[in-house]
Amino acid sequence: MAVTDNCLTANDWICGEYLRTRSQELVDATLQHIGITAVSVLLGLLIAFPLALIARRRRGAAGPILGLTTVLYTVPSLAMFALLTPVFGVSPAVVITGLVLYALTILVRNVLAGLQAVPAEVREAARGMGYGPARLLFEVELPLALPAVVAGLRIATVSTVAMTTIGSVIGYGGLGNLIASGMEGFFKAEVLTASVLCVLLALVADVLLMGLQRLLTPWMRTGKKRTRAGAARRGVRTVRAGAE
């Protein structure tokens with residue numbers, strides 16, 4: 001018992017007393033971390049989707065869009081936040097905007113790849129049954145593109161969970177705030193606990209998105225090899241089901 005009570009004084013890496021006395025601080029930091037990550041990824045997806053559509057429909061736009069998102073990803077996070085602070089002030093918007101720009105690189109490419117992988121014969125079958133552009137996109141193409149889209153969403157989410165910690169430089173880094181303060185004072189329990197929570201958040205988010213993918217793509221569960229013809233047959237069945 002004495003070991004547990006004195007672990008703060010001894011500055012141990014694993015300390016139950018730290019968890020007990022700082023539980024509210026840990027909860028607040030975790031909730032801020034989840035909030036910033038969720039908003040950033042959702043905004044990134046909302047922006048990436050129309051950009052991917054433009055890149056697919058206009059060949060001349062694909063290069064500039066993919067190139068710009070790649071260039072944005074190469075900007076160091078500290079420099080990115082420094083450039084955004086005069087615009088948004090010291091606020092969560094700085095961190096969220098930076099994370100959205102970083103997520104675009106992954107999301108735009110995966111949404112575009114998923115849409116481009118839809119077999120041409122599926123599109124032709126849908127058009128032959130009277131599907132307009134919007135109905136074709138949302139009822140046929142997107143369901144078939146979901147595996148690629150969700151895969152990109154998983155990567156973007158996990159990387160955003162990690163990059164949110166950089167927001168600690170302006171005080172909006174979620175668990176990163178605790179890691180930074182712990183490193184500054186060499187508070188071992190704070191550094192380790194916040195780091196472990198950050199890893200757990202990434203793992204939980206990845207598992208949840210994996211479950212969402214399995215739920216939305218039941219045809220992927222059997223584990224058999226999927227051919228282009230098989231995808232086309234599924235697409236045609238989707239079109240027929242929608243027509244009925």
Side-chain angles (χ1 to χ4, degrees), residues 1-45 73-82 84-85 90-103 105-107 150-215:
M1 187 69 177
V3 174
T4 303
D5 292 340
N6 294 328
C7 63
L8 287 174
T9 304
N11 195 23
D12 293 334
W13 285 103
I14 300 175
C15 182
E17 188 68 9
Y18 170 76
L19 296 175
R20 187 184 69 80
T21 58
R22 304 289 185 89
S23 59
Q24 190 58 51
E25 183 179 47
L26 288 168
V27 169
D28 292 342
T30 301
L31 291 177
Q32 184 185 82
H33 205 109
I34 293 173
I36 290 174
T37 298
V39 172
S40 300
V41 174
L42 288 175
L43 286 177
L45 185 60
Y73 196 80
T74 64
V75 178
S77 54
L78 294 179
M80 178 75 79
F81 292 162
L84 293 173
T85 299
V90 180
S91 68
V94 172
V95 182
I96 291 171
T97 303
L99 294 175
V100 167
L101 295 177
Y102 287 133
T105 304
I106 301 168
L107 293 174
V150 177
L153 194 59
R154 288 173 60 190
I155 298 171
T157 300
V158 170
S159 64
T160 301
V161 169
M163 294 184 69
T164 296
T165 58
I166 306 298
S168 61
V169 297
I170 60 169
Y172 293 98
L175 293 167
N177 295 339
L178 301 183
I179 295 174
S181 64
M183 291 293 291
E184 185 177 351
F186 197 58
F187 189 177
K188 295 178 181 178
E190 186 170 49
V191 173
L192 180 62
T193 303
S195 299
V196 169
L197 285 174
C198 192
V199 172
L200 288 177
L201 281 182
L203 291 175
V204 170
D206 190 52
V207 170
L208 289 176
L209 288 172
M210 187 187 304
L212 178 64
Q213 179 178 343
R214 288 175 59 85
L215 180 65

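Note: hydrogens, waters and symmetry copies are ignored here, and every other heavy atom, side chains too, is used.
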Quick one: pull up OG1 in T30 and CD in E25 and give me the separation to the nearest 0.5 Å. 10.0 Å
Note: T164 and L99 closest approach over all heavy atoms is OG1-CD1, 3.4 Å
Would you sort out whether C198 and V161 count as a side-chain contact (heavy atoms from CB on, under 4.5 Å), showing the intermediate values? CA-CA 7 Å; C198 192; V161 169; 4.0 Å; yes
Taking only residues two or more places apart in sequence or in another chain, which ones pass salt bridge (Lys or Arg N to Asp or Glu O under 4.0 Å) with D206? R154
How would you list all residue pairs meeting salt bridge (charged side-chain N to carboxylate O under 4.0 Å, His left out) that involve residues 28-42, not counting sequence neighbours? none
Just do the side-chain contact (heavy atoms from CB on, under 4.5 Å) check on L201 and T37 with the steps written out, would you? CA-CA 10 Å; L201 281 182; T37 298; over 6 Å; no
Determine whether N6 and E17 satisfy the following criterion, side-chain contact (heavy atoms from CB on, under 4.5 Å), listing intermediate values before the conclusion. CA-CA 8 Å; N6 294 328; E17 188 68 9; over 6 Å; no
Looking at S168 and A180, what are the two nearest heavy atoms and their distance? OG-CB, 3.9 Å
Suppose the criterion is ring-ring contact (aromatic ring centres under 6.0 Å, His included): which pairs have a residue in residues 187-212, not counting sequence neighbours? Y18-F187
More than 12 heavy atoms of other residues, nucleotides or ligands under 6.0 Å from CE of M210: yes or no? yes
What's the shortest heavy-atom distance between G173 and N177, and which atoms? N-OD1, 3.1 Å
Tell me, which pairs form a salt bridge (charged side-chain N to carboxylate O under 4.0 Å, His left out) where one or both residues lie in residues 163-183, sequence neighbours left out? none
Non-hydrogen atoms of I36 and S40 that approach each other most closely: O-OG, 2.6 Å
Do T193 side-chain atoms and E190 backbone N/O form a donor-acceptor pair below 3.5 Å? no
For residues 171-185, pull every pair meeting salt bridge (charged side-chain N to carboxylate O under 4.0 Å, His left out), keeping only residues two or more places apart or in separate chains. none
Not counting sequence neighbours, list each pair that qualifies as a ring-ring contact (aromatic ring centres under 6.0 Å, His included) and has a residue in residues 159-181. none
Measuring from L19:CG to I14:CD1, what's the distance to the nearest 0.5 Å? 10.0 Å
In terms of heavy-atom contacts, S159 and I106 come closest through OG-CD1, 4.0 Å
Heavy-atom donor-acceptor pair, T97 side chain to V94 backbone, under 3.5 Å: no
Please walk me through it: do V95 and I170 pass side-chain contact (heavy atoms from CB on, under 4.5 Å)? CA-CA 9 Å; V95 182; I170 60 169; 3.6 Å; yes
Using a cut-off of 6.0 Å, state whether more than 12 heavy atoms not belonging to L203 lie near its atom CG. yes
